[in-house]
Amino acid sequence: MSVTSTARARAALAATAALAVGGLLLACVSSQAGAASTGLKTLAEAKGKYIGTELTGNMVYNSTVTSLAAGQFDMVTPGNEMKWDTTEPSNGSYNFGPGDTIVSFAQSHNMRVRGHNLVWHSQLPGWVNGVPRNQVQGVMESHITAEVSHYKGKIYAWDVINEPFNEDGSLRQDAFYNAMGSGYLADAIRTAHAADPSAVLYINDYNIEGENAKSNALYSLAQSMLAQGVPLGGIGLEGHFIVGQVPSSMLANMQRFAALGLDVAVTELDDRVQLPASSGSLQQQATDYATVINDCLAVTRCPGVSQWGVGDADSWIPGTFPGQGAATMYDNNYQPKPAYNSTATALGGSTTTTTTTTTTTTTTTSSPPPNSTCTVTDSVNAWNTGLTENITIVNTGTGPVNGWSLAFTLAGGQTITSAWNAAISPGSGQVTAKNVSYNGSVPPGGSVSFGFQANHTGDTSAPTAFTLNGTRCATG
Ligand code: XIL
């Protein structure tokens, strides 16, 4: 179990000691255990696995999201950009621009891509349902060939078929089944293979994580496909869980597919809770995430686990399951949740007991420096070799701030590995955080928050000497 402690470090006051008059110093020593701050992908790679994330829409334009995506994950799944309604909105007219954007992002950050998806009853443009039955096969094959060829060599694995089963194990009566019967499945896989023989070709579905009627039907289908030489390469367990309900038969289920000679990946992991999330449900979520990671680690043919989204703020869950959410490893402000720590720990992040000194200073009287127009508050969450820091700047001046640049000094040994709501450089020593596109304006009395994750070598103090646009800030 890993726990982080909050240290309200007020080291800034040491640097500006003249500010504090009659300060009250509280100090306590706490024991804690923490997971390593090493990015999840480094931990996963050391175990021979990948750890992925879904990106969609404007997530690739949000620096908070992209720095976490690139810093923590090494596999990307486009959430919507490779689906039929985007890629072939009308017959024979293709649009790969949105998917290309995500592939470029992944490639420029050394991340691989899971292509998602080629044949699915949902997010299927209306024109496909209007195609005469005797032409559906040609339409489906053309779609697969065009898309897989476009991305040839850039896709690690394709979800060729998405969600083909009903809960009872029968096949969905969608446009493809209605036109071709169950033969559409093998035909789709063979067509994709012809266009890119290197991609691993998957059938992906939900509620097939444990052993049940649906996964049994998929198992029989996979067996018969392999017997016929269909180039099926993997089974995707989506992993959209309800907290506390990861099936106990998940490991055995993964093992039986692996024993067929198939890869078996967790492709869309999230774990939803009733909102507002209680600390108990987030602890259970941490347990669930660790269970999923451990199941993958226990199966050689499990290449990795992908989460659906980076943080709760970009998760599809609240929009689809009203009243539920908080389903990912990062909260709405992209702060790591207990599930992040349990994932890191399951992936082999060191869990050591360390002793941290927490110092709290309450200033009863303070004199802000002359011309001060800002107050900065900060909080640190530290574990054995890593920390996250949240900083809030309050505009205490009478005029608006239009574009901000906050300079400060990091404690020795701290190196920033990712940041949100600000662009920070360099990564250590004297650093400057600048606003990003959406948070540059701070009205009088208003505030703005940003944060970062850093490695440390023992000194978990908060930064000192905050200067906003050249003016020293008070610390609150
Ligand atoms: C979801 C996306 O996250 C949403 O943005 C979209 O509105 C609907 O689809 N199973 C899948 C994914 O295979 O493609 C779905 O993604 C989630 C369920």
Side-chain angles (χ1 to χ4, degrees), residues 52-62 65 69 73 75-89 95 98-99 101-103 105 113-126 128 143-144 147 151 155-167 171-172 174-176 185 188-189 192 200-210 214-215 218 234-242 245-246 263-272 292 304-322 324-330 332:
T53 187
E54 173 249 13
L55 294 176
T56 193
N58 56 16
M59 289 169 76
V60 286
Y61 303 109
N62 178 334
V65 173
F73 301 97
M75 182 72 75
V76 174
T77 307
N80 292 292
E81 288 69 8
M82 293 183 178
K83 292 173 179 173
W84 198 316
D85 57 355
T86 296
T87 54
E88 194 185 1
N95 173 22
T101 300
I102 294 182
V103 170
F105 172 82
V113 179
R114 295 195 84 259
H116 176 82
N117 57 58
L118 297 169
V119 180
W120 188 26
H121 72 93
S122 184
Q123 292 180 271
L124 185 66
V128 179
H143 177 78
I144 293 171
E147 184 159 358
Y151 289 111
I155 301 293
Y156 157 71
W158 272 109
D159 291 329
V160 179
I161 318 273
N162 206 42
E163 304 182 346
F165 285 102
N166 296 309
E167 295 306 286
L171 286 167
R172 276 183 203 272
D174 60 12
F176 310 104
L185 298 156
I189 302 248
V200 189
L201 305 178
Y202 274 69
I203 298 176
N204 187 54
D205 214 327
Y206 63 94
N207 287 352
I208 56 160
E209 294 78 12
K214 198 172 179 180
S215 66
L218 175 56
I235 300 297
L237 312 180
E238 290 186 9
H240 294 296
F241 294 117
I242 296 169
Q245 296 184 24
V246 176
D263 285 353
V264 54
V266 179
T267 54
E268 305 182 12
L269 177 62
D270 51 29
D271 195 27
R272 57 190 187 265
V292 172
V305 174
S306 296
Q307 178 176 264
W308 205 243
V310 170
D312 294 344
D314 50 64
S315 166
W316 72 305
I317 293 293
T320 307
F321 301 93
Q324 297 177 63
T328 76
M329 286 185 275
Y330 288 97
N332 275 325

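The structure presented is a predicted model; accordingly, all values stated were derived computationally and were not measured. As the structure lists them, so they are numbered: ligands from 1, and atoms in each ligand from 1.
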May I ask you to check if ligand 1 and E268 share an N or O to N or O distance below 3.5 Å?
yes
Hey, does W120 come in under 3.5 Å of ligand 1, counting only N/O atoms on both sides?
no
In the protein, which heavy atom is nearest to [atom], and how far is it?
atom: atom 3 (O) of ligand 1; answer: W308 NE1, 2.8 Å
atom: atom 8 (C) of ligand 1; answer: Q123 OE1, 3.4 Å
atom: atom 5 (O) of ligand 1; answer: N80 ND2, 3.0 Å
atom: atom 1 (C) of ligand 1; answer: K83 NZ, 3.7 Å

For [Y], is there any backbone N or O sitting under 3.5 Å from a side-chain donor or acceptor partner on [X]?
X: K214; Y: Y206; answer: yes
X: N95; Y: T87; answer: no
X: R172; Y: E163; answer: yes

Distance-only side-chain donor-acceptor flag, N204 / E268, under 3.5 Å
yes
Side chains of D270 and T328, donor plus acceptor under 3.5 Å:
no
Which bit of D159 is near ligand 1, meaning a heavy atom under 4.0 Å away: side chain, backbone, both or neither?
neither
Can you sort out which atoms of ligand 1 are near N162, meaning under 4.0 Å from one of its heavy atoms?
11 (C), 13 (O)
When the ring planes of W316 and F321 are compared, do they come out parallel, tilted or perpendicular, using 30° and 60° as the limits?
perpendicular
